[in-house]
Amino acid sequence: MMNPSMLRSLHSAVSRRSSHLARRGYATEPVPERKVAILGAAGGIGQPLSLLMKLNPLVSSLSLYDIGGTPGVAADVSHINTRSQVVGYQGEEQLGKALEGADVVIIPAGVPRKPGMTRDDLFNINAGIVKSLAAAIAKYSPHALVNMISNPVNSTVPIAAEIFKKAGTYDEKRLFGVTTLDVVRAKTFYAGKAKVPVAAVNVPVVGGHAGITILPLFSQATPQANLDDDVIQALTKRTQDGGTEVVEAKAGKGSATLSMAYAGALFADACLKGLNGVPDVVECSFVQSNVTELPFFASKVRLGRNGVEEVFGLGALSDYEKQGLENLKAELKSSIEKGIKFANQ
Ligand SMILES: NC(=O)c1ccc[n+]([C@@H]2O[C@H](COP(=O)([O-])OP(=O)(O)OC[C@H]3O[C@@H](n4cnc5c(N)ncnc54)[C@H](O)[C@@H]3O)[C@@H](O)[C@H]2O)c1
Ligand SMILES: O=C(O)C[C@H](O)C(=O)O
């Protein structure tokens, strides 16, 4: 049994740990229990993402689901001496348990591109995977914040929205297409050209997550740098083609996994901070939107206790960005409509 002095020292150790977390901006005390589920956890993104979420002190329970391979990933990650308890779930019959009680569900399930393919070429396989996972989320964790990574994001987010609507669980505040990797790339490429420290850089990226639908707003980048128009255009193109750059470099062995895991972990962390009431958590994401005439659009959103608290408008655009915005609308509209049609078949 603990004597009063042991209890006092245990209590002060716990409060030291909590105030350490609070100082790091993670939450006000006490840090709430949060369950995060990763669907596709044994994949190229899923494994490093599982590692990064195991390192996140806001997570108390980490649920790793895949059609195969999760017992090994879960056993491995579970030995890391951080806060969360890890459980691996494998096969459809365990999906319900994996999802039950989840606060955040991250979905990197599905096939990646090979050289020569567009993200839309993944539609035929990934649309069906996302449809069945969304149906399970509607059933087992209808209040979770859903972070959709599976491509083509411009279609998979509308698919999930339609499935949730059919199930009567749709809440537009809780569904996110993860476009954080576009922001991560835009920041890295901009810092290189502007010769500013990358940690200080911010660049909003709006639109969608494929080719010309990815629209970085370098006119709003901070710290401001006087870059020539041809440099801005090259930066824009490199950001739009960032995924293809990795697909080609991997030469048939898949697409971005490590940088995506980093970006996915950043976005999930922002969702958790919002849920925990940390103020002013703002990230770009592909969400239901009134910012343009399109029903879904990526822009800056404020995250809070219920998910999306505010969808920000685009702000002032350069002429080049205005043109980019007009150019992306037809493709984005057709990808959204394709997803909606598929979900309602
Ligand atoms: N949003 C983005 O910025 C972004 C970035 C990179 C990759 N992606 C996309 O993420 C997806 C995954 O990429 P990856 O490289 O990890 O692929 P991967 O093939 O390495 O891993 C995918 C995993 O999904 C699993 N899976 C398949 N069907 C499933 C189902 N029904 N339920 C649960 N798991 C299932 C597979 O078993 C596999 O482990 C691809 O669609 C890719 O295009 C998106
Ligand atoms: O490019 C891809 O196919 C994967 C992902 O969408 C990316 O941007 O890296």
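No hydrogens, no waters, no symmetry mates; every other heavy atom, side chains included, goes into these values.
- Looking at R34, its side chain does come within 3.5 Å of a backbone N or O of L275 through a donor-acceptor pair.
- Just one residue in the list D121, T244, N151 forms a side chain to side chain contact (heavy atoms under 4.5 Å, CB included) with R113, and that residue is T244.
- The number of heavy-atom neighbours closer than 6.0 Å to CZ of F312, taken from other residues, nucleotides and ligands shown, is above 12.
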Start with the C-alpha distance between Q323 and N327, add both sets of side-chain angles, then the distance that settles side-chain hydrogen bond (donor to acceptor under 3.5 Å, both in side chains), and finish with yes or no.
CA-CA 6 Å; Q323 190 56 57; N327 293 349; 3.0 Å; yes
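- For K165 and Y170, the positive end sits near the middle of the six-membered ring, less than 6.0 Å away and at most 45° from its axis.
- Listed for the E283 side chain is no donor-acceptor partner under 3.5 Å among the backbone atoms of V178.
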Could you go through E162 and N344, starting from their C-alpha distance and side-chain angles, then the distance that decides it, and tell me whether this counts as side chain to side chain contact (heavy atoms under 4.5 Å, CB included)?
CA-CA 7 Å; E162 289 303 301; N344 288 305; 3.0 Å; yes
Run the salt bridge (charged side-chain N to carboxylate O under 4.0 Å, His left out) test on K338 and D120 for me, step by step, so that the C-alpha distance in whole Å, both residues' side-chain angles and the decisive distance to 0.1 Å come before the verdict.
CA-CA 10 Å; K338 187 172 176 181; D120 187 58; 2.9 Å; yes
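- In this structure, Q85 places its CD atom where only 12 or fewer heavy-atom neighbours from other residues, nucleotides or ligands lie under 6.0 Å away.
- A donor-acceptor pair shorter than 3.5 Å can be found between the side chains of H209 and D182.
- Between S318 and S219, the shortest heavy-atom contact is N-OG, 4.0 Å.
- Residues V87 and L62 form no side-chain contact, since every pair of their non-hydrogen atoms from C-beta on lies 4.5 Å or further apart.
- Scanning all heavy atoms of the two residues, the minimum distance from L215 to L325 falls at CD2-N, 3.7 Å.
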Evaluate the criterion salt bridge (charged side-chain N to carboxylate O under 4.0 Å, His left out) for residue pair K329 and E293; output intermediate values, then yes/no.
CA-CA 9 Å; K329 285 181 180 168; E293 63 273 32; 3.4 Å; yes
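- When the shell of 6.0 Å around CD1 of I125 is examined, it contains 12 or fewer heavy atoms from other residues, nucleotides or ligands.
- Counting heavy atoms of neighbouring residues, nucleotides and ligands inside a 6.0 Å radius, atom NZ of K139 does not exceed 12 of them.
- V196 and L217 are members of different hydrophobic clusters when ILVMFWY side chains are connected at heavy-atom separations under 4.5 Å.
- Judged purely by atom type and a 3.5 angstrom limit, D103 has no side-chain atom pairing as donor or acceptor with the backbone of L145.
- With a 4.5 Å cut-off on side-chain heavy atoms, D269 and L52 do not count as touching.
- A side-chain donor-acceptor contact under 3.5 Å links T70 to the backbone of Y89.
- Around the NZ atom of K173, the shell of radius 6.0 Å holds no more than 12 heavy atoms that belong to other residues, nucleotides or ligands.
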Does the pair R83 and E33 meet the rule for a salt bridge (charged side-chain N to carboxylate O under 4.0 Å, His left out), with working shown?
CA-CA 10 Å; R83 179 184 182 208; E33 304 279 298; 3.5 Å; yes
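- Contact record, T179 with S285: OG1-CA, 3.6 Å, taken as the closest heavy-atom pair.
- Within the 4.5 Å cutoff, side-chain heavy atoms of C284 are placed close to those of P204.
- Taking 4.5 Å as the limit, every side-chain heavy atom of Y320 sits out of range of all side-chain heavy atoms of F218.
- Within the 3.5 Å criterion, the main-chain N or O of A42 finds a donor-acceptor partner in the side chain of D66.
- Checked by atom type and distance alone, the side chain of K193 never pairs as donor or acceptor with a backbone atom of L227 at under 3.5 Å.
- Here the shortest heavy-atom pairing between A186 and P216 reads CB-CB, 4.4 Å.
- Residues V308 and E172 fail the side-chain proximity criterion, which asks for heavy atoms closer than 4.5 Å.
- Looking only at atom types and distance, the side chain of Q233 has no donor-acceptor partner in the side chain of D229 under 3.5 Å away.
- Of the possible donor and acceptor atoms, one in the side chain of K35 sits under 3.5 Å from a partner among the backbone N and O of A98.
- Closest of all the heavy-atom pairs between G46 and P108 is CA-CG, 4.3 Å.
- Residues V246 and R185 have side chains in contact (heavy-atom distance under 4.5 Å, counting atoms from C-beta outward).
- Using modelled atom types, one finds no donor on one side chain facing an acceptor on the other under 3.5 Å when comparing K97 with S63.
- Between the side chain of E309 and the backbone N or O of N306 there is no donor-acceptor pair closer than 3.5 Å.
- Residues L314 and S299 share a closest heavy-atom pair of CD2-CB, 4.2 Å.
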Evaluate salt bridge (charged side-chain N to carboxylate O under 4.0 Å, His left out) for K322 paired with E326, printing each intermediate quantity in order.
CA-CA 6 Å; K322 281 183 194 152; E326 287 318 304; over 6 Å; no
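- Partner of F267 under the ring pair (Phe, Tyr, Trp, His ring centres under 6.0 Å) criterion, chosen from F176, F286, Y262: F176.
- Side-chain N or O atoms of S150 include one that pairs as donor or acceptor with a backbone N or O of A109 at under 3.5 Å.
- For the side chain to side chain contact (heavy atoms under 4.5 Å, CB included) test with L39, the passing option among L99, I129, I106 is L99; the others fail.
- A donor-acceptor pair is defined here as one N or O able to donate and one able to accept, closer than 3.5 Å; such a pair exists between the side chain of Y190 and the backbone of A225.
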With side chain to side chain contact (heavy atoms under 4.5 Å, CB included) as the criterion, how do V73 and V86 come out once you've worked through the C-alpha distance, each side chain's angles and the decisive distance to 0.1 Å?
CA-CA 10 Å; V73 179; V86 183; over 6 Å; no
